[in-house]
Trainee: 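One structure, pasted below without further comment.
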Amino acid sequence: MAESSSIPSIRPAHVVGTTLREHVLQDMHAAPGATGEFTSLLNHISLAIRIINSRVRAAGLAGLLGYTGETNVQGEAVQKLDAFSNEVLLNVLDRSGHCGLIGSEELDDAQINNNHAKYVVLFDPLDGSSNIDTNVGIGTIFAVLRRSEPKLTRPNLADALRPGREIVAAGYVLYGPSTVFVLSTGQGTHGFTLDPAIGEFFLSHPDIRVPARGSCFSVNEGNFSRWSPEIQNWARWIKGEDSTVIVPSEGAEPLKTPYGARYVGSLVADAHRTLIKGGIFAYPADSKSKNGKLRLLYEANPMAFLFEQAGGMATNGKDRILEIMPTELHQRVPLVLGSRDDVSVFRQFVTGERVK
Ligand code: AFP
């Protein structure tokens, strides 16, 4: 029989088949001084996600069963899925007791939750909701920050207006053909797939690494005429209309164009494909949306955190997303994320700083 000392006492956290709960717990055991609050907070977020998932999965039945419109068969008012998802997250986070401040895409102002709780949670409860009617992938995105002085101060907006590099956990959930929860607590980026029969997330994509370069670009090209000449030049180049040879970094192989085009119009779906397959996703500023369309605190920052933890990059075209100091809860930002080489080349087009 094998020596018992050769068998690890705790299962490694990054083994396929580990449940999300186990994974989070093992991270906690590895963190000296952990109190369990963070673990409990993440478990509550996972509970909210499973509740939202069950409703999203039934979305197609709504019309058939008469559950949409203003009232359901019981005569009760029925909420839209995004309002429902928002309320689930608010209620579950409140019950966790660990959340001092909440910022949501669905709330005009940040909401104080629990006076002495340590954490701030910022989320988009149901991103891509305009895609629901056509059964296209949609998602939930969130970021968790730690309040600087939970014992001394009441939660306030300043707790949320922190640069993304201070994020302690970020994640998104893609309600696609399967439900995938991608999470980082600062120790890599890991993907968990929901087993709907059991209602549990299992580690299916341990330690995701974004390929150094990809073969697809993802952008709403309908905005072409509104882009700056620099971004238009990048778009022409990536489609192979301009044969300029561009290297992402000194001594690197040039990128080969044309790239294929992929655009869903749901950030979570477009970002997830880019995270797994590599390439580039961009929602740049344009003459109509001068600061871009996507929101810094609960869309760009969590995505940037997840991509960097997976070896990818995220910029606003010039600067690292995670360095931006926010000034408003619902601030918008141009967002470019993906493979290191592809994002570097986009940046070269925008800044004019070419690598020779
Ligand atoms: P909706 O939530 O209104 O569907 O918006 C989705 C979104 O915020 C984001 O998920 C997409 O990446 C982006 O907008 C798509 O925007 P365009 O429709 O302008 O391409």
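One is the number of the first residue; the rest follow in order along the sequence. First listed ligand is number 1; within each ligand, the first listed atom is number 1.
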Trainee: Judging by distance only, is a nitrogen or oxygen of L126 under 3.5 angstrom from one on ligand 1?
Mentor: no
Trainee: If the plane angle is over 60° it's perpendicular, under 30° parallel, otherwise tilted; pick one for F38 and Y119.
Mentor: tilted
Trainee: What distance separates L157 CG from L101 CG, expressed to the nearest 0.5 Å?
Mentor: 7.0 Å
Trainee: Do V182 and F307 share a hydrophobic cluster, counting only Ile, Leu, Val, Met, Phe, Trp and Tyr and linking them when any side-chain heavy atoms are less than 4.5 Å apart?
Mentor: yes
Trainee: Report yes or no: does T179 contribute a side-chain atom to a donor-acceptor pair with the main-chain N or O of Y175 at less than 3.5 Å?
Mentor: no
Trainee: So if I count the atoms of ligand 1 from 1 in the order they appear, which ones are less than 4.0 Å from some heavy atom of S129?
Mentor: 1 (P), 2 (O), 4 (O)
Trainee: Quick one: are T39 and N43 in side-chain contact, heavy atoms under 4.5 Å?
Mentor: yes
Trainee: I'd like to check which ligand 1 atoms, numbered from 1 as shown, lie under 4.0 Å from a non-hydrogen atom of L267.
Mentor: 9 (C), 10 (O), 11 (C), 12 (O)
Trainee: Test of understanding: given a 4.0 Å heavy-atom threshold, classify the contact between N220 and ligand 1 as side chain, backbone, both, or neither.
Mentor: side chain
Trainee: Quick check: does D127 get an N/O under 3.5 Å from an N/O on ligand 1?
Mentor: yes
Trainee: When you look for heavy atoms under 4.0 Å from ligand 1, do you find them on the side chain of S130, its backbone, both, or neither?
Mentor: both
Trainee: Side chain, backbone, both or neither: which part of L294 has a heavy atom under 4.0 Å from ligand 1?
Mentor: side chain
